[in-house]
**Student:** 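First the structure, then my questions, so here it is.
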Amino acid sequence: MLDADFFRRWMTVTAASVEREAEHLTALDSPIGDADHGSNLQRGFTAVAATLEKEAPDTPGAVLTLAGRQLISTVGGASGPLYGTLLRRTGKALGDAGEVSEEQLAEALRAGVEAVMTLGGAAPGDKTMIDTLVPAVDALGTGFAAARTAAEQGALATTPLQARKGRASYLGERSIGHQDPGATSAALLIAALAEAAGE
């Protein structure tokens, strides 16, 4: 079973990973976005890690809800609301339980991904974070490592796509050939989940 400590570790590992990859995310964002994806997310997840250190919520749902709220209040652009919604909705779906199973996490994360799809209007194939998150959640039933592999493959698979949502969609065919930064950062989030689980 997964407790609040596990979820705090997930967010802390994500923050470290985003910090490490911030320049890479911004480089990916440069040709098809505002060239700020890495710095925005770094600011947000640094704030999440600091807040969780101070407040230490005692249920998995409360950890994710607090993290999501923090991202919405500190991250500019679209990624704050999108990641914030993902974590808040997942946290809400987990409820007040002190521990949750991997199956419950998979179900809750699916609810979070659906909330992001509703908010952003994106579907698989639109060259967004959804192209990473949907296969990752589908694979989560097989284990954390499988989810990480599916997420990484999903992010890579955005390269040949034409963006149909978000800032990159304004470029039309010129968005083809660039890996989507949002899909890439979503893969970091899932990889951090596997790392937190020791996989």
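Positions are given from 1, in the same order as the sequence printed here. Just so you know, these numbers use all the heavy atoms, side chains as well, and skip hydrogens, waters and symmetry mates.
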**Student:** So, Thr14 side chain and Trp10 main chain: donor-acceptor pair closer than 3.5 Å or not?
**Tutor:**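 Looks like yes, one N/O pair under 3.5 Å.
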
**Student:** Determine yes or no for a side-chain-to-main-chain donor-acceptor pair under 3.5 angstrom, with Thr51 supplying the side chain and Ala47 the backbone.
**Tutor:**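 Judged by distance alone, yes, a pair lies under 3.5 Å.
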
**Student:** Could you check whether any side-chain N or O of Lys127 sits under 3.5 Å from a backbone N or O of His178, counting only pairs where one atom can act as donor and the other as acceptor?
**Tutor:**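 Side chain of Lys127 to backbone of His178, a donor-acceptor pair under 3.5 Å: yes, one is there.
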
**Student:** Please report the C-alpha distance between Tyr83 and Leu41 in whole Å, then the side-chain angles of each, then the deciding distance to 0.1 Å, and finally whether the side chain to side chain contact (heavy atoms under 4.5 Å, CB included) criterion is met.
**Tutor:** CA-CA 9 Å; Tyr83 274 105; Leu41 275 191; 3.8 Å; yes

**Student:** Do Leu119 and Pro81 come close enough that some side-chain heavy atom pair is under 4.5 Å?
**Tutor:**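 With C-beta onward as the side chain, the pair touches.
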
**Student:** Using the side chain to side chain contact (heavy atoms under 4.5 Å, CB included) rule, take Ile190 and Leu133 through it: C-alpha gap first, then chi angles, then the decisive distance, then the call.
**Tutor:** CA-CA 8 Å; Ile190 301 299; Leu133 293 172; 4.2 Å; yes

**Student:** Do Phe45 and Thr74 come close enough that some side-chain heavy atom pair is under 4.5 Å?
**Tutor:**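 No, too far: nothing below the 4.5 Å cut-off.
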
**Student:** Which heavy atom in Leu94 sits nearest to a heavy atom in Pro60, and how many Å separate them?
**Tutor:**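 Heavy atoms of Leu94 and Pro60 come nearest at CD1-CB, 4.1 Å.
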
**Student:** Looking only at heavy atoms, which two atoms of Pro57 and Leu52 are closest? And how far apart?
**Tutor:**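 In terms of heavy atoms, the two residues are closest at CD-CD2, 3.7 Å.
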
**Student:** To the nearest 0.5 angstrom, please state how far the CD atom of Glu99 sits from the OG1 atom of Thr59.
**Tutor:**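 Going from the CD atom of Glu99 to the OG1 atom of Thr59 covers 11.5 Å.
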
**Student:** Give the intermediate values and the outcome of side chain to side chain contact (heavy atoms under 4.5 Å, CB included) for residues Leu189 and Leu86.
**Tutor:** CA-CA 11 Å; Leu189 180 73; Leu86 174 68; 3.7 Å; yes

**Student:** Answer whether the closest heavy-atom distance between the side chains of Leu188 and Leu25 falls below 4.5 Å.
**Tutor:**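 They are in contact (side-chain heavy atoms under 4.5 Å apart), so the answer is yes.
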
**Student:** Output yes when a side-chain donor or acceptor of Ser175 lies under 3.5 Å from a complementary backbone atom of Ala163, and no otherwise.
**Tutor:**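 Yes; judged by distance alone, with no hydrogens or angles, the pair exists.
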
**Student:** Please answer whether the main-chain N or O of Gly77 pairs with a side-chain N or O of Arg167 as donor and acceptor at a distance below 3.5 Å.
**Tutor:**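 Here the side-chain-to-backbone pair does not exist.
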
**Student:** Look at the side chain of Asp126 and the backbone N and O of Lys165, then say whether any donor-acceptor pair between them is shorter than 3.5 Å.
**Tutor:**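 No, the answer is negative, given that no donor and acceptor are paired below the 3.5 Å cut-off.
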
**Student:** Is there a donor-acceptor pair closer than 3.5 Å between any side-chain N or O of Arg9 and the backbone N or O of Glu195?
**Tutor:**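 Checked: no pair found.
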
**Student:** Would you check if Phe144 and Leu105 make a side-chain contact, meaning some heavy-atom pair closer than 4.5 Å?
**Tutor:**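 Phe144 reaches Leu105 side chain to side chain.
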
**Student:** What heavy-atom pair brings Met117 and Ala123 nearest, and what distance separates the two atoms?
**Tutor:**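 Closest approach of Met117 to Ala123, heavy atoms only: CE-CA, 4.3 Å.
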
**Student:** Please examine the side chains of Gln179 and Leu156, heavy atoms only from C-beta on, and report whether any two atoms are closer than 4.5 Å.
**Tutor:**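 SC-SC contact between Leu156 and Gln179 confirmed.
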
**Student:** If hydrophobic clusters are built by linking Ile, Leu, Val, Met, Phe, Trp and Tyr wherever their side-chain heavy atoms come under 4.5 Å apart, do Phe7 and Leu71 end up in the same one?
**Tutor:**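 As far as the 4.5 Å side-chain criterion goes, Leu71 and Phe7 are connected within one cluster.
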
**Student:** With the side chain counted from C-beta on, respond yes when Leu64 and Met11 share a heavy-atom pair under 4.5 Å apart, and no when they do not.
**Tutor:**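 Answer yes - side chains close enough.
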
**Student:** Donor-acceptor check, side chain of Thr158 to backbone of Ala155, threshold 3.5 angstrom: yes or no?
**Tutor:**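 Yes; judged by distance alone, with no hydrogens or angles, the pair exists.
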
**Student:** Side chains of His37 and Ser185: does their closest heavy-atom pair fall under 4.5 Å?
**Tutor:**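 Result yes, sub-4.5 Å side-chain heavy-atom pair found.
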
**Student:** Near Glu23 CD, under 6.0 Å, is it more than 12 heavy atoms from other residues, nucleotides or ligands?
**Tutor:**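 Atom CD in Glu23 is not crowded, with 12 or fewer foreign heavy atoms closer than 6.0 Å.
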
**Student:** At what distance, to the nearest 0.5 angstrom, does CD1 of Ile130 lie from CG of Leu82?
**Tutor:**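 Taking CD1 in Ile130 and CG in Leu82, the distance rounds to 8.0 Å.
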
**Student:** Between the main-chain N or O of Gly125 and the side-chain N or O of Asp131, is there a donor-acceptor pair closer than 3.5 Å?
**Tutor:**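 Indeed, once roles are kept as given, a pair shorter than 3.5 Å links the two residues.
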
**Student:** So Glu19 and Thr46, do their side chains get closer than 4.5 Å, heavy atoms only?
**Tutor:**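 Touching, per the 4.5 Å side-chain cut-off.
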
**Student:** Would you say the side-chain atoms of Thr26 pair up with the backbone N or O of Gly38, donor to acceptor, closer than 3.5 Å?
**Tutor:**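 Yes.
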
